[in-house]
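All residue numbers in this chain count up from 1 along the given sequence. Please read these numbers as outputs of a predicted model, since none were measured by experiment.
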Amino acid sequence: MRRPYLIVIAALFVFSLSWAQIPLGDELQFSVMGIEGKSHTERNEFIKKQLQTLNVGYVTAPFKHVSYTKKDTIKIDGENIIVRTGGGPKQIVVGAHYDAYGDSPGANNNGSGVAVLLSLIKYLQDVEWNYSIDFCFFDRGESEQIGSYYYVQQFAVPKRHLAMINLDIVGTGEEVYAGPIGNDNRIFLRYVHEAAQKTGFPFVEDKDYPASDHVSFSQYNLQNISISVVPKGDGERLSKYVRSGYKADSINMPVVLNSMKTLEDRSVYISPASLKMAFEFTRTLLLLINES
């Protein structure tokens, strides 16, 4: 009767020994599994616990948003979580929203972005930054990017701002999709192209890109770019989807949208390889900017 119990104990012991050697992609997927299906409050607490485990300090920036319609007054409370590091006169922001849409488990949208952001913080702790870096976990991204809007209102200084890199939906597929390409990122876009060349990942960019937290920075002409990892061909399909006014097209419908904002947005469909692509691309981009 004791044998099954001993097997479990042995398995846990082996697991604890191998945790430090777990492949990065699997580590990222475990982070997605840790946040998926959680309530809004639990997603917030998950991030804080992970940062505490990493022994990384953070600040919180609560906000209260009020909007009015003809019939109602809508009040939304939120809290951005910010890890600050580095130094220098210029600032880089790296962000990912942590809230999920409705009852969706929110694995790819946007537990995947949260997982990559946590790993960037973990593995870049020893970098000697030439810039100030804000790693931001934005709240209420699914409510018209309210969290990133309040971050810009509270902390962005146009003269100091260098670039904002947004991670949103990076858990499935094999191509890096970046945008919107235009005047908002013309200065640091060459580093994005250099990162694509250096990593060798399939890369697609477009001036038409789905609305995400980069929009809050575009409104104030602050350089920004969003990065996703999507199934092959979805970059082009997503841009066409935006140009159509977000109208569904059964023939050219982006594959990644099949599970977005639904109950099927679960970690079982997340690819460790895709998460690793997002991590490697963003890490490379940040280091290239830092070395400039």
Side-chain angles (χ1 to χ4, degrees), residues 90-97 108-110 112-113 116-117 120 131 136 138 141 144-145 148-149 151-152 156 158 161-247 249 252-257 260 274 277-292:
K90 294 292 185 178
Q91 184 179 59
I92 300 171
V93 181
V94 190
H97 78 84
N108 198 17
N109 183 25
N110 189 32
S112 61
V116 172
L117 195 55
L120 287 168
Y131 304 102
C136 300
F138 296 125
E144 298 185 355
Q145 302 87 45
S148 54
Y149 167 81
Y151 171 86
V152 172
H161 182 85
L162 179 63
M164 184 271 185
I165 303 168
N166 178 52
L167 298 167
D168 197 0
I169 307 179
V170 296
T172 61
E174 52 283 318
E175 74 180 22
V176 175
Y177 172 50
I181 303 303
N183 290 333
D184 289 338
N185 51 24
R186 64 189 182 280
I187 296 176
F188 85 106
L189 187 57
R190 66 187 181 95
Y191 299 110
V192 176
H193 293 159
E194 191 174 348
Q197 184 177 22
K198 193 168 185 177
T199 58
F201 299 143
F203 178 78
V204 178
E205 64 180 42
D206 203 289
K207 63 181 181 63
D208 297 304
Y209 189 94
S212 186
D213 286 295
H214 65 270
V215 171
S216 299
F217 292 79
S218 291
Q219 290 174 345
Y220 293 90
N221 296 317
L222 301 174
Q223 291 195 89
N224 64 83
I225 196 166
S226 280
I227 295 171
S228 300
V229 176
V230 296
K232 185 176 181 180
D234 256 16
E236 182 179 352
R237 286 189 286 264
L238 281 163
S239 292
K240 288 182 178 179
Y241 180 62
V242 174
R243 286 191 286 272
S244 73
Y246 297 95
K247 295 178 181 178
D249 181 340
N252 296 308
M253 189 69 174
V255 177
V256 73
L257 296 184
M260 292 301 93
S274 301
M277 282 180 65
F279 171 88
E280 293 291 355
F281 188 91
T282 309
R283 182 184 70 87
T284 301
L285 175 56
L286 282 170
L287 293 178
L288 286 170
I289 297 173
N290 193 53
E291 293 166 4
S292 64

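A centroid separation of 6.0 Å or more is found between the aromatic rings of Tyr220 and His161.
Shortest non-hydrogen contact noted between Glu174 and Met277 is O-CE, 3.5 Å. In plain terms, the two heavy atoms of Val256 and Pro231 that are nearest each other are CB-CD, 4.0 Å. In plain terms, the two heavy atoms of Pro158 and Leu222 that are nearest each other are CA-CD2, 3.9 Å. Here the closest non-hydrogen pair linking Ala278 and Val229 is CB-CG2, 3.8 Å. When all heavy atoms are compared, the tightest approach of Val170 to Ile227 is CG1-O, 3.5 Å. Listed here is the closest heavy atom pair of Ser148 and Ser216: OG-OG, 2.7 Å.
Considering only heavy atoms from C-beta on, Tyr209 stays 4.5 Å or farther from Val242 through its side chain. Using a 4.5 Å heavy-atom threshold, the side chains of Pro210 and Tyr177 count as touching. Side chains of Ser292 and Tyr191 form a contact here, defined as non-hydrogen atoms less than 4.5 Å apart. Using a 4.5 Å heavy-atom cutoff, the side chains of Asn109 and His97 are in contact. Side-chain contact check for Val192 versus Asn185: every heavy-atom pair is 4.5 Å or farther apart.
To the nearest 0.5 Å, the span separating CZ on Phe188 from NE2 on His193 amounts to 10.0 Å. Expressed to the nearest 0.5 Å, how far CZ of Arg190 lies from CG of Leu288 amounts to 9.5 Å. Remark: Ser112 OG to Phe279 CZ distance equals 14.5 Å, nearest 0.5 Å. Atom CG of Asp208 is separated from atom CG of Leu238 by 11.5 Å, given to the nearest 0.5 angstrom. Distance OG/Ser218 to CD1/Ile225: 10.5 Å, rounded to 0.5 Å. For the atom pair NZ (Lys198) and CG (Leu285), the distance works out to 11.0 Å, reported to the nearest 0.5 Å.
Note: Phe281 and Phe203 have parallel aromatic rings, judged against thresholds of 30 and 60 degrees for the angle between ring planes. Ring geometry, Tyr241 versus Tyr246: the interplanar angle exceeds 60°, so the pair is classed perpendicular (tilted spans 30 to 60°).
With respect to Lys240 and Glu236, a salt bridge is recorded, a charged nitrogen being found less than 4.0 Å from a carboxylate O.
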* To do: Using the side chain to side chain contact (heavy atoms under 4.5 Å, CB included) rule, take Asn290 and Tyr131 through it: C-alpha gap first, then chi angles, then the decisive distance, then the call.
  => CA-CA 7 Å; Asn290 193 53; Tyr131 304 102; 3.9 Å; yes
* To do: Kindly indicate, with the supporting measurements, whether the criterion side chain to side chain contact (heavy atoms under 4.5 Å, CB included) is fulfilled by Lys90 and Ile289.
  => CA-CA 11 Å; Lys90 294 292 185 178; Ile289 297 173; over 6 Å; no
* To do: List the steps, then state whether side chain to side chain contact (heavy atoms under 4.5 Å, CB included) holds for Asn166 with Val93.
  => CA-CA 8 Å; Asn166 178 52; Val93 181; over 6 Å; no
* **Verdict with reasoning, Val176 to Thr199, per side chain to side chain contact (heavy atoms under 4.5 Å, CB included)** => CA-CA 11 Å; Val176 175; Thr199 58; over 6 Å; no
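Defined by atom type and a distance below 3.5 Å, a donor-acceptor pair is missing between the side-chain atoms of Ser226 and Asp213.
Heavy atoms of other residues, nucleotides or ligands lying less than 6.0 angstrom from OH of Tyr149 number 12 at most. Annotation: Gln219, atom CD; neighbour count of heavy atoms from other residues, nucleotides and ligands within 6.0 Å is above 12. More than 12 heavy atoms of other residues, nucleotides or ligands sit less than 6.0 Å from atom CD of Glu280.
Looking only at distances, a side-chain donor or acceptor of Gln223 sits under 3.5 Å from a matching main-chain atom of Leu162. The closest donor-acceptor contact from the side chain of Glu175 to the backbone of Val204 lies at 3.5 Å or more, if one exists at all. Formation of a donor-acceptor pair under 3.5 Å by the Ser228 side chain with backbone atoms of Asp168 is found in this model.
Applying the salt bridge (charged side-chain N to carboxylate O under 4.0 Å, His left out) test to pairs two or more places apart or on separate chains, those with a residue in residues 216-235 are Asp234-Arg237.
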